[in-house]
Amino acid sequence: MTPAEPSNGFDLLSPIIQHHVVNSLGWHGLRPLQDESVAPISAGSDAILLAPTAGGKTEAAIFPLLSRMESQCWTGISVLYICPLKALLNNLQPRLADYAAWLGRDAMTWHGDIGASVRDRIKRDRPDILLTTPESLESMLVSERVDATELLGGVQAVVVDEVHAFAGDDRGWHLLAVLARLQTLLGRRLQRIGMSATVGNPDELLGWLQGAAKAPRRVISPAVPAGAVLPQITVDSVGSVENAATVIAALHRGEKRLVFVDSRRLAEELGTTLRGCGITTFVSHSSLSAAERRESEQAFAEARDCVIVATSTLELGIDVGDLDRVIQINAPRTVSSFLQRLGRTGRRPGSTRNCLFLAITDQAVLSTLGMLQCWTNGWVEPVTPTPQPRHIAAQQLLAAALQTRRVPLTDWQHTWGELPLFGDDGQEIFDHLLSAGFLEHDGGTAFIGPEAEKHFGRRHFMELLAVFTAAPEFTVWAGRHEVGTVETSVLTDNVEGPRILLLGGRSWKVTHIDWKRRHVYVETTDIPGRAKWSSTPDGTSFQITRATRDVLLGATPAGITLTRRAAATLEDQRLQRSNHVTDGAYVIARDTGGDWRWWTWAGMKTNRTLAAWAPDLIPPRQRIGSESLRLHSDLTVSDIRSGLAALRSRDQRPLPAIDQAALQGLKFSAALPDSLARQTLAARVVDVDGAITTLGDPVRVNGSI
C-alpha cells in the first residue's frame, strides 16, 4: 500500500492501531478513503465505501470498528463480515485476524466448508469478528445446535463486502431479510457498512443496504486526485481462441497475466490452448472444486512468468498477488465488471492500471468499444434490486418458522420490521403456504408442514437455506481427488469412442458414472477433451447496446488504443452494417431474407418487452437479441406505422408468457401460487423503461421517417 500523509482520521483511531499502522504496516498515514471513513463509522453511521479493487476498503471499515471495539468494550462476536464468496472469506480471514490481534482480539470464519470442530470452537470462544455468508448466518439462526441469541448477542455492526454483488441479485433480498430477523432477535438495530467498487447510484445502494431505516448515513468516495495517470487500454481483434492464445504467449513474457473470460467453456479452451503453447497456465472457475481453485490461485500468486485464466470468480477482490497485466477476452457484460477487473492492476508503485482486450469475433470488437464508450462517458450501471422477490418472501416465512418453531397468524411481518420484502402479496403468499401444506397451523400459530419437508427438508433443510440455484451437476473424481463438476448433458450426449471431459485445463477420460450418487470417475488422458456448460444471460444492456450503435455511427472511446487489426475490423463493420444505423433515427428495413427487421439497438430485455407488447407486429417465435427484432414479413409500411402508433398509445402492456419449465429456474417457486411465480419471473426478464424510450425514438421505415 502506497504511503500517504498523516490525516485527521488517523488521529481518531485507537493509539494501538495508530502504532501498528505506522510500525507494523510501515504506512505514514491513511489513504483518502480510509481517512474519510474513520469519523462517520466511529460515530455509528451507516456507510458505503467506494474504491477500486485493492483500494484499502477493508482497512477503511475495520480500523474504526476495531477502535470502537476497544473504547466501548465490545465483547463476544461484535462484527459480522459478510462476503458473497467463501473463497473471499478464506482470503480475508488471515488479514483481519492480524489486525484484530493488535488489540488482543480474534477473527474466524464460518461457512459451508468449515468443519464441526471449528464451529464448536467458535461457539465456545466467540471471536470478535466473524466472517461468514448470508446463508451461513441464516443457518446459525435456524440450527438446533446453535443458540443464536447467545452466539450473536454481542453483534454491533455488519460489514458487507462487494455489496453490489448482493444488491443486484436475489441474495441481496435474502441478506436484508436475514439481517432484519437478527435485529428482531437482538432487539436493536445494527450498524451497516457496505464496500464496493464504483457504482452508478451509490446513494440508492446505501438506502437499500439500510433496509428502509432512517439512520445517519454517508457515501464515502474520495475524488480521483488531479494528475492521476490514466489507465492503458488497448483493443485488438484476433479472430479465434487459438490466435488469442498466440498473442498472450508472445506478449509480456516474464510477467504475471490474469486473463478474464465470461464462460467456463472458454476458460477451459483457452487454458488448454495456452498450455499447448508452452505457457505456465492455471484455470479458475466455479465448476472446479474449491481445492482445485485454491491450488491454482496459490500457485499463480507465487509464480512470475505465468497466466491464470478465470471467469468472474477472480473479479471480487480475491488476492492473487501482484499482477502485471489484465487481459480480457471479448467484452465483459457491464462497465462495473470491467472496472473491477481493471482495478486488479497498477497496485505497485510506479505501475499503471492496464487492460488488453482480445476480441475473437468482429461482434466482440463492437461490443467492447460500446462498453468502453459508456465508460469514457462516465456511465456506470446503477445497482438495482431484483423486482418482486415473492419467492424470497416465501423462503423467509419458512425459514422463520424453522427459527422460532412457530409463526403467529397475525402480525407475522413484524419479524422483518419495515423491510419492503412482501409488498402487496405477502398475505396471499402466507395463505398459500398454509393452504398448500408448506405450513400448518394450530392455536393461532403456524409451523413447518409436510410439503416443506417434502420439497426442502433434506439434509436439515439445507435446500431452503441456499438462495441461488444451479443446473444439476455431477462431481468429477480422479481417484480420491475432487476435480470439479460438469452438467448432465456432457455425460449424455452421443459420442464416438471414449467420453473425454475438459476440466481444470486438463483432459480426463471417463471410466465410470455413478448416476445415483451423481459421481463421475476419470483418469488423465492426452485425447483432447470437451467443455460444456449452459447459461441464460440477459444479454447486453440498453445503454451499452446504444453506445455500440454510436460507435457504428462514428464515435470512438476517448483515450483507447486500437491496434491496426481492431481499427480495420471496426471500419469493415461500419461499412457492412451501414444499413442498420442512420443519424437521427432508428431503422426498419427488409433484410437480405426478405423479412422486416427493426434495428432498435435497445438490448435483449427491452426487445423481449417489445415482443410481449406487440405480437401483431413482432412474431413471438424468434431468437431475441440485443440489436434488432424481426417483424411479420407480410406487413406493409402503413401497417408498421399504424402498429407503432397504436403501441405507443396502448395502456395495457402484458408481461411475457412464462413457460412452465422456466419456473424451475426460480428457486422456491414451488412455495408460491403458480400465478405469482409466473409474474415474478416475467418481471425479471423485461425492461419497461427501455421499451418506452424505444417507442419514443424516431423511426425510418424503408428510408423515410
Are [X] and [Y] close enough that some pair of their side-chain heavy atoms sits under 4.5 Å apart?
X    : Y    : result
W74  : V79  : yes
E482 : T475 : yes
M108 : V118 : yes
I193 : V160 : no
M69  : I129 : yes
T384 : W208 : no

Between [atom1] on residue [X] and [atom2] on residue [Y], distance to nearest 0.5 Å:
X    : Y    : atom1 : atom2 : result
L176 : L209 : CG    : CG    : 6.5 Å
L206 : S196 : CG    : OG    : 11.5 Å
S284 : L258 : OG    : CG    : 9.0 Å
L30  : L13  : CG    : CG    : 6.0 Å
T149 : L152 : OG1   : CG    : 8.0 Å
L151 : S143 : CG    : OG    : 10.0 Å

Would one find more than 12 heavy atoms of other residues, nucleotides or ligands at under 6.0 Å from atom [atom1] of [X]?
X    : atom1 : answer
N23  : CG    : yes
E463 : CD    : no
H441 : NE2   : no

Pair [X]-[Y], side-chain donor/acceptor within less than 3.5 Å:
X    : Y    : answer
E292 : H481 : yes
Q403 : E138 : no
S337 : R341 : yes
Q413 : E418 : no
R264 : S287 : yes
W412 : Q427 : yes
S136 : T133 : yes
D170 : T386 : yes

- The single option from L465, L398, I448 passing side-chain contact (heavy atoms from CB on, under 4.5 Å) against F456: L398
Is it true that [X] and [Y] have a side-chain N and a carboxylate O under 4.0 angstrom from each other?
X    : Y    : value
E135 : R171 : yes
D169 : R684 : no
R121 : D106 : yes
D98  : R95  : no

- Which residue pairs satisfy the salt bridge (charged side-chain N to carboxylate O under 4.0 Å, His left out) criterion with at least one member in residues 189-200, sequence neighbours excluded? D46-R189
Counting distance only, does the side-chain N/O of [X] pair as donor-acceptor with the main-chain N or O of [Y] below 3.5 Å?
X    : Y    : result
E381 : V335 : yes
T132 : W110 : yes
Q396 : H174 : no
K57  : A51  : yes
Q395 : L464 : yes
Q210 : A215 : yes
S296 : V283 : yes
K256 : F300 : yes
T415 : R181 : no
R119 : I114 : yes

- Query: How would you list, by chain and number, every residue that makes a ring-ring contact (aromatic ring centres under 6.0 Å, His included) with F63, sequence neighbours excluded?
  - Reply: Y99, W102
If the condition is side-chain hydrogen bond (donor to acceptor under 3.5 Å, both in side chains), which residues does [X] pass it with, not counting sequence neighbours?
X    : result
T445 : R406
Q18  : none
T184 : none
T680 : R390

If I compare all heavy atoms of [X] with all of [Y], which pair ends up nearest, and what's the gap?
X    : Y    : result
L434 : A446 : CD2-CB, 4.0 Å
P387 : A683 : CG-O, 3.6 Å
S42  : V38  : OG-O, 2.6 Å
P134 : I82  : CD-CG2, 3.7 Å
K123 : R126 : O-CG, 3.9 Å
W375 : P231 : CH2-CG, 3.7 Å

- Go through W173 and F166 one step at a time and tell me if the ring pair (Phe, Tyr, Trp, His ring centres under 6.0 Å) criterion holds. CA-CA 8 Å; W173 284 113; F166 287 112; over 10 Å; no
- Message: I220 vs I48, test: side chain to side chain contact (heavy atoms under 4.5 Å, CB included). Steps then yes/no.
- Response: CA-CA 6 Å; I220 304 171; I48 287 285; over 6 Å; no
- Message: Quick one, F260 with V326, criterion side chain to side chain contact (heavy atoms under 4.5 Å, CB included). Give me CA distance, side-chain angles, the key distance, then yes/no.
- Response: CA-CA 8 Å; F260 280 110; V326 161; 4.0 Å; yes
- List the steps and the verdict of side chain to side chain contact (heavy atoms under 4.5 Å, CB included) for Q191 and R68. CA-CA 12 Å; Q191 182 182 13; R68 288 184 65 199; 2.5 Å; yes
- Message: Pair Q34, W27 - check side chain to side chain contact (heavy atoms under 4.5 Å, CB included), show working.
- Response: CA-CA 12 Å; Q34 297 160 350; W27 302 354; 3.9 Å; yes
